[in-house]
Chemist: 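Please find one structure pasted underneath; my questions will follow.
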Amino acid sequence: MADSKREIERKYESEDSGLPDLTGVTGVAAVADKGVAHLDATYYDTLDERLAASSVTLRRRTGGSDAGWHLKFPVAPGVRDELHAPLSDTLPDELAGLVRSRVRDGELLPVVRLRCDRDVRHLVDADGVLLAEVAVDAVHADRLTAGGGKAQWTEIEVELADGGDPALLDKVEKRLRKAGVRPSASASKLARALAETVPAKKRPSAPAGDPVTAGDHVLAYVRTQRDAIVELDPAVRRDTEDSVHSMRVATRRLRSTFKSFGNVLDRKVTDPVGDELKWLAGELGLDRDREVLTARLTAALDEVPADLVRGPLPERLHSWSSAEHGSARGELLGVLDSRRHLALLDTLDALIADPPLRKAAGKKPRKVIAKAVQKDFRKVTGLVQQARELEPGTDRDVAIHEARKKTKRTRYAAEAGGPALGKPAKNLVKSMKALQNLLGEHQDSVMARQTIRELSAVAHAAGESAFTYGLLHEREAQRAARVEAELPGFWDGIKDGAASL
């Protein structure tokens with residue numbers, strides 16, 4: 001099992017003058033010389049450098065106190081999550097899985113070798129507690145792929161100790177700046193090595209400009225959701241909080257975009273892709289739906305007075321919730337490693353590289369995008385009106401659920417059109433999100449009541465009292481009724497939301 005830690009550090013350009021005196025930094029009582037370490041790291045990537053394009057680094061390093069395999073994911077400027085696995089000749093399977101969404105069928109090859117003489121100092125407080133590690137690194141870089149070159153430089157690296165106060169880094173930087181030291185222009189040693197050793201004929205071209213046409217705007221949103229799916233894959237594998245939900249939302253956003261903007265992207269091409277996105281969202285939702293229902297029912301049970309809880313309801317709920325969690329997670333990891341999932345990612349890449357643009361894609365964005373958003377909004381209007389006219393019961397429940405799905409679609413279309421439509425689109429996103437939450441409360445109640453009935457049947461068969469299940473069911477029914485009562489006035493307050501687009 002790989003170890004994980006959050007790395008918070010800053011890098012600085014350094015000349016031969018070495019490290020300025022840091023004993024004057026507030027809170028630093030002493031600077032301890034820890035000697036020089038000789039580090040030798042080989043960085044791996046695909047030939048087209050897919051990991052580097054995502055600011056992900058994978059290396060095998062010898063020397064120092066943490067020899068082994070290191071995989072780093074960007075979190076924020078100067079902040080990365082690092083996973084460490086013991087030294088071995090081949091890449092550990094766990095780390096290979098975490099880069100699979102980016103690498104796919106590509107071969108991981110040695111691309112850069114970095115040899116570093118690291119002169120280490122520890123900044124400690126009055127009690128000798130480590131605050132930060134400061135290193136002066138003399139780096140020698142060799143590109144290992146064909147046509148590569150060499151580079152060398154010296155830099156200063158300041159890494160915050162685990163649990164340290166990030167404000168210390170600001171104090172250290174202030175001292176370094178006074179000594180004439182400036183922040184590095186490169187985010188990492190690998191980024192600098194790649195930039196300085198790449199053959200001239202392979203140097204990257206200038207990035208594309210801001211979106212101009214309707215097609216540009218829609219594709220920018222599509223690209224953002226594709227990137228989210230790829231980038232969330234490692235987090236889902238690590239079971240990071242909210243990662244499954246976020247990845248599921250990205251798949252839904254993407255599928256909705258294909259449906260909403262059929263006037264921009266040919267649906268004969270995008271519909272089959274949408275079917276695969278629906279499959280992926282379904283796989284991601286298997287355990288997520290159970291998790292949401294468990295939280296809802298647990299909270300509802302906590303509100304029931306103790307003298308009204310008849311039978312082992314907490315135990316029943318726990319057994320129901322945990323029955324398939326372990327197997328569901330294993331199945332999800334299998335999905336992420338499946339040929340079908342990786343093929344979907346390849347298809348999305350190909351669609352973005354060669355989009356199936358229709359005639360409207362080349363037009364100015366405002367009219368084209370507004371038309372698509374308004375069309376989605378009209379569908380929401382019709383479904384809300386239908387739900388209001390139906391009697392309470394299954395048909396109304398279905399109509400409200402359909403209205404919620406179309407509400408999300410309208411919200412995502414307005415999100416995609418935000419850069420082109422400005423404030424009206426942002427206002428519509430806000431309104432649709434609020435409506436989505438209201439209708440979602442109703443759907444959660446529908447699903448909760450269904451689960452309560454199932455649990456009650458099991459309890460009854462075991463000879464247990466069904467009293468409390470009936471109480472919970474009635475409370476959920478009342479929550480749904482409150483939503484139904486609130487919907488007309490709520491809708492009247494937002495129904496003109498698309499008029500200003």
Side-chain angles (χ1 to χ4, degrees), residues 1-41 57 59-87 95 114-140 153-184 186-190 192 238 240-241:
M1 186 71 178
D3 296 326
S4 176
K5 63 169 290 188
R6 178 147 293 182
E7 177 185 84
I8 303 176
E9 66 179 19
R10 298 183 187 179
K11 296 180 181 294
Y12 302 89
E13 306 284 352
S14 175
E15 298 178 354
D16 295 335
S17 55
L19 185 68
D21 180 19
L22 298 176
T23 54
V25 174
T26 303
V28 176
V31 179
D33 188 344
K34 308 305 287 188
V36 177
H38 304 284
L39 311 176
D40 192 340
T57 61
R59 73 187 179 203
R60 180 184 184 275
R61 190 168 77 180
T62 59
S65 60
D66 62 348
W69 289 90
H70 303 159
L71 176 60
K72 300 185 181 185
F73 293 101
V75 176
V79 182
R80 294 187 290 182
D81 281 341
E82 177 181 327
L83 289 94
H84 175 259
L87 193 63
L95 299 191
L114 289 181
R115 288 166 294 161
C116 176
D117 293 328
R118 169 164 291 182
D119 190 359
V120 180
R121 306 284 195 282
H122 280 181
L123 306 186
V124 297
D125 65 13
D127 296 322
V129 176
L130 178 64
L131 302 174
E133 180 176 284
V134 182
V136 179
D137 292 337
V139 184
H140 297 264
W153 66 91
T154 301
E155 68 180 37
I156 296 173
E157 182 176 290
V158 183
E159 181 175 349
L160 192 67
D162 293 345
D165 182 0
L168 175 68
L169 296 181
D170 294 332
K171 298 172 185 176
V172 173
E173 180 163 313
K174 183 177 180 180
R175 177 67 185 88
L176 292 174
R177 284 181 176 272
K178 283 185 177 180
V181 177
R182 293 292 177 263
S184 173
S186 298
S188 67
K189 290 181 175 65
L190 177 62
R192 182 165 181 173
R238 295 169 58 198
T240 302
E241 183 179 0

Chemist: Measuring from T26:OG1 to L168:CG, what's the distance to the nearest 0.5 Å?
Modeler: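 Result: 9.5 Å between the selected atoms.
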
Chemist: Which distance, rounded to the nearest 0.5 Å, do you find between the OH of Y12 and the CZ of R182?
Modeler: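 If we round to the nearest 0.5 Å, Y12:OH and R182:CZ are 11.0 Å apart.
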
Chemist: Using a strict cut-off of less than 4.0 Å between a Lys/Arg side-chain nitrogen and an Asp/Glu carboxylate oxygen, indicate whether E157 and K189 qualify as a salt bridge.
Modeler: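 Salt bridge flag = yes for K189 with E157.
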
Chemist: Rounded to the nearest 0.5 Å, what separation is found between the CZ atom of R80 and the CG atom of L83?
Modeler: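 Spacing of CZ (R80) from CG (L83) equals 12.5 Å.
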
Chemist: Using every non-hydrogen atom in the two residues, find where A29 and A126 come nearest and quote the distance to one decimal.
Modeler: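 Between these two residues, the closest heavy atoms are CB-N, 3.5 Å.
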
Chemist: Check whether D137 reaches the backbone of V139 with its side chain - one donor and one acceptor, N or O, closer than 3.5 Å.
Modeler: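 Side chain of D137 to backbone of V139: no pair is present.
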
Chemist: Check I156 against V134 and note the closest heavy-atom contact, atom names and distance.
Modeler: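 Of all heavy-atom pairs spanning I156 and V134, the closest is CG2-CG1, 4.0 Å.
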
Chemist: Regarding S4 and R238, do their side chains bring together a donor and an acceptor under 3.5 Å, going by distance alone?
Modeler: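 Note: S4 and R238 side chains meet the donor-acceptor criterion.
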
Chemist: Considering all heavy atoms of both residues, which atom of L114 and which atom of W153 are nearest to each other, and what is their separation?
Modeler: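 Looking at all heavy atoms of both residues, the closest pair is CD2-CH2, 4.4 Å.
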
Chemist: Which heavy atom in H84 sits nearest to a heavy atom in G68, and how many Å separate them?
Modeler: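 Closest heavy-atom pair between H84 and G68: NE2-CA, 3.9 Å.
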
Chemist: Is the shortest side-chain N to carboxylate O distance from D21 to R175 below 4.0 Å?
Modeler: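 Between R175 and D21 there is no salt bridge, as every charged N stays at least 4.0 Å from the carboxylate O atoms.
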
Chemist: With W69, which residues qualify under ring pair (Phe, Tyr, Trp, His ring centres under 6.0 Å), at least two apart?
Modeler: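 W69 satisfies ring pair (Phe, Tyr, Trp, His ring centres under 6.0 Å) with Y44 once adjacent residues are dropped.
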
Chemist: Under the side-chain contact (heavy atoms from CB on, under 4.5 Å) test, which residues partner V75, sequence neighbours left out?
Modeler: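 In terms of side-chain contact (heavy atoms from CB on, under 4.5 Å), with neighbours along the sequence ignored, V75 is linked to R6, V79, D81.
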
Chemist: So which heavy atom on T57 is nearest to which on L190, and how close?
Modeler: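 Answer, listing the atom of T57 first, then L190: CG2-CD2, 3.6 Å.
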
Chemist: Run the side-chain contact (heavy atoms from CB on, under 4.5 Å) check on V172 and L123 step by step: do they pass?
Modeler: CA-CA 10 Å; V172 173; L123 306 186; 4.0 Å; yes

Chemist: Write down the atom of E173, the atom of P183, and the distance for their closest heavy-atom approach.
Modeler: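 Shortest heavy-atom contact: OE2-CG, 4.3 Å.
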
Chemist: Are D170 and R10 close enough for a salt bridge, meaning some N to O gap below 4.0 Å?
Modeler: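 Yes, charged N to carboxylate O under 4.0 Å.
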
Chemist: May I ask you to say whether K5 pairs ionically with E7, meaning some side-chain N is under 4.0 Å from a carboxylate O?
Modeler: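 Salt bridge: no.
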
Chemist: Is it the case that R59 and H70 place a side-chain donor and acceptor less than 3.5 Å from each other?
Modeler: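 There is such a pair (donor and acceptor under 3.5 Å, judged by atom type) between the side chains of R59 and H70.
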
